[in-house]
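Chain naming here is simple, since letters A, B, ... match the order of the sequence lines and numbering starts at 1 in each. All of these numbers come straight from a predicted model, not from anything done at the bench. Every heavy atom of this structure was used, including side-chain atoms; hydrogens, water molecules and symmetry mates were not.
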Amino acid sequence: MPIQNAEIAALLSQEAELLEIQGANPFRVRAYRRAAQTIDALPRSVASVLAAGEDLTALPGIGQDLASKIAEIVKTGHFAALDDLKREVPGELATITALPGIGPKRVSQLHRELGVRTLDELRRAVEGGRLHGLKGFGARIEETLRTALAKPPAETRYKLSSVEQEVDALISFLKPTVGGGRIAAAGSFRRRKDTVGDLDLLATSNDAAAVGARLVAYENVAQVVAHGPSRTTIVLRSGLQVDLRAVANASYGAALMYFTGSKAHNIALRKLANDRGWKLNEYGLFEGERLLAGESEEAIYQKLGLSFVPPELREDRGEIALARGGALPNLVALADIRGDLHVHTTWSDGTASIEQMAEAAKARGYEYLAITDHSRRLTVAHGLDATRLARQIDEIDRLNAGLHGFTLLKGVEVDILEDGALDLPDSILSRLDLVVAAVHSHFELPREAQTTRIVRAMDNPHVSIIAHPTGRLIGQRSPYDLDFGRIAAAAAERRCRLEINAAPDRLDLDDVHAYAAKEAKAVLAVSTDAHAPTFLEWMRFGVDQARRGWLETGDVVNTLPLSKLRKSLRH
DNA sequence: GCCGTTTTCGGCCCGACTGTTTTCAGTCG
């Protein structure tokens, strides 16, 4: 099986780690990191890009040298330069740099002077008091190490939806200290990434120190990592790290921009500033000492000759070049969504009646709502057989007669069986307005079989949408093995839509896949998969991911008004 | 190692905080 992008990226990252420990040119290290990031976010597999005879040097941050190294990895499955490097620098040293307070310099020193190569050896060195007298290692660092070694920090990311609750609580807690100033969440949270590693808060206040002091006093603080006059870092009991930065009002935009990131986007912007002989930092855009812009992000982008880049696009995936030409996509927004095309009711495993779901959808200002209960194979969810589905169709017809300015669409979420056949006969599917098809079993099929299975399901002309196409559950279940390029191309050909499932623990497709789907000219549907009326609110999480995938209204089928949606569904 | 509407060589984002030091290196974001 061809090597996956994530594996290539991991090899490049390892190379960067070891080069850094070795003391290599930091820009060379960065080049490997950047290449790893580019490959990781690439919508198509590198193997298929190469197979198509395309040139990797077209990708940002990949030149001749890296292109040939990546080609070597794809061809042989090995990275000779990394293997060589591992002979000079033990690969396990990289695990030690993950400890707080220990970076490449100290790890290299530990290796050089104490022969430490692994976490275990480090633990023995600390316990044996062998760090005493080591230059640059004082009592505090030793204590930090002792703590970290006893309980290694788990690399966890938190679901966007759960961080959102924490943000609301923190902001209302800190609000009293900012006076007339502002407070906002930035970082990957503001970029609406599906998961958040740590939370970045920004405040403007006349009394910056007071904001930090208040954060340290927050009841859920488990640890204060750093606490200075303008920056405070704490860890909450939940394990979530919170970084607070306070600046003056005149720097709000610059600080928001800096703290929103991404890091790669910032570096690219600062380089643009440099090219003009200016300097960009979290306090503003400067020509010498003179402030050119700083209070708003808009003004800074404008000065740099760019249109405003929505936070969701700030990943250095080509957005800066487009912003220079004023050619950024006009991203889909929550207000563009006219209905939900995937919800459940008490007819299967939902908790509310069709009427209650319709009521909630109407209250959201929707024009339509598709009722898509499970099919018979999903017995645990009381899936519908053809007979019950026929009764539900009659029930919806009856309800529609009493509704005004709002329409219930007749649908189903039909199981895709192991061989790609559907769980209900065409005779009943043909009576529906739309058919959502989904994989709920046999997640372990090999890539070829899984891909063919889903393409076969799309071969059925009744199938309108493939639900949660990769099957991932964030933090719980990996996506099943798929050739997503084939899925997206097949969807485009058959005019079958691919879903962005907005449920916070799915967000499936994710941003990168959504982008790839658009590239393949497939159309998407953003749906909540709500099993209760309140969960219709999840739509915004789906729209967030759609925006991160560069989608515009034309890419999302449920931005269409009802009449056009109906035409589209008929093909 | 990458990259060029000043450049194919010489740059490469920038600052806060900590700890261990007496002026700064390392780490982090």
Indicate the atoms forming the closest heavy-atom contact of A:P504 with A:I474, along with that distance.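 In terms of heavy atoms, the two residues are closest at O-CD1, 3.6 Å.
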
Are the side chain of [X] and the backbone N or O of [Y] linked by a donor-acceptor pair below 3.5 Å?
X: A:N220; Y: A:L236; answer: no
X: A:D168; Y: A:Q165; answer: no
X: A:T177; Y: A:L174; answer: yes

Rounded distance in Å - CG (A:L201) to C1' (B:dG29):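 Whole-Å distance recorded here is 14 Å.
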
CD of A:E17 versus C1' of B:dG1: gap in Å, rounded? 17 Å

Quick one: label A:Q241 by what it contacts on the DNA or RNA (base, sugar-phosphate, nothing), any heavy atom closer than 4.0 Å.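 The answer is sugar-phosphate, as A:Q241 gets under 4.0 Å only of primed atoms, P, OP1 or OP2.
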
Classify the nucleic acid contact of A:A35 as base, sugar-phosphate or nothing, counting any heavy atom under 4.0 Å across all strands shown. nothing

Using purine N1 to pyrimidine N3 plus N6-O4 or O6-N4 for Watson-Crick, or N1-O2 and O6-N3 for G-U wobble, each under 3.5 Å, what pairs with B:dT8?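 Here B:dT8 is not engaged in any pair, so there is no nucleotide opposite it.
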
Applying side-chain contact (heavy atoms from CB on, under 4.5 Å), name anything that partners A:A546, two or more places apart in sequence or on another chain.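 A:A546 satisfies side-chain contact (heavy atoms from CB on, under 4.5 Å) with A:V332, A:I500, A:V526, A:L551 only.
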
I need the residues from [range] with at least one non-hydrogen atom less than 4.0 Å from DNA chain B; give them sorted by number, or say none.
range: residues 273-283 of chain A; result: A:N274, A:D275, A:K279, A:L280, A:N281, A:E282, A:Y283
range: residues 251-266 of chain A; result: A:Y258, A:K263
range: residues 204-229 of chain A; result: A:A226, A:H227, A:G228, A:P229

Could you tabulate the donor-acceptor pairs under 3.5 Å formed by side-chain atoms of residues 20-31 of chain A, not counting sequence neighbours?
{"residue": "A:E20", "atom": "OE1", "partner": "A:R33", "partner atom": "NH2", "Å": "2.9"}
{"residue": "A:Q22", "atom": "NE2", "partner": "A:E88", "partner atom": "OE1", "Å": "2.5"}
{"residue": "A:N25", "atom": "OD1", "partner": "A:F27", "partner atom": "N", "Å": "2.8"}

[X] atom [atom1], neighbour heavy-atom count above 12 within 6.0 Å:
X: A:R140; atom1: CZ; answer: no
X: A:K69; atom1: NZ; answer: yes
X: A:E54; atom1: CD; answer: yes

Could you pick out which residue, A:T232 or A:L59, lies toward the 5' side of DNA chain B when each is mapped onto its nearest nucleotide?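 Looking at the nearest nucleotide for each, A:L59 comes out on the 5' side.
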
Closest-nucleotide mapping onto DNA chain B: is A:D200 or A:R28 further toward the 5' terminus? I mean the 5' end. A:R28

Nearest to the side chain of A:F27 - B:dC12, B:dA16, B:dC14? B:dC12

Which one of A:I183, A:V242, A:L240 satisfies the side chain to side chain contact (heavy atoms under 4.5 Å, CB included) criterion with A:L170?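 So the option named by the test is A:V242.
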
Are there any protein N/O atoms within less than 3.5 Å of an N/O atom in nucleotides 22-25 of chain B, and if so, which ones and at what distance?
none

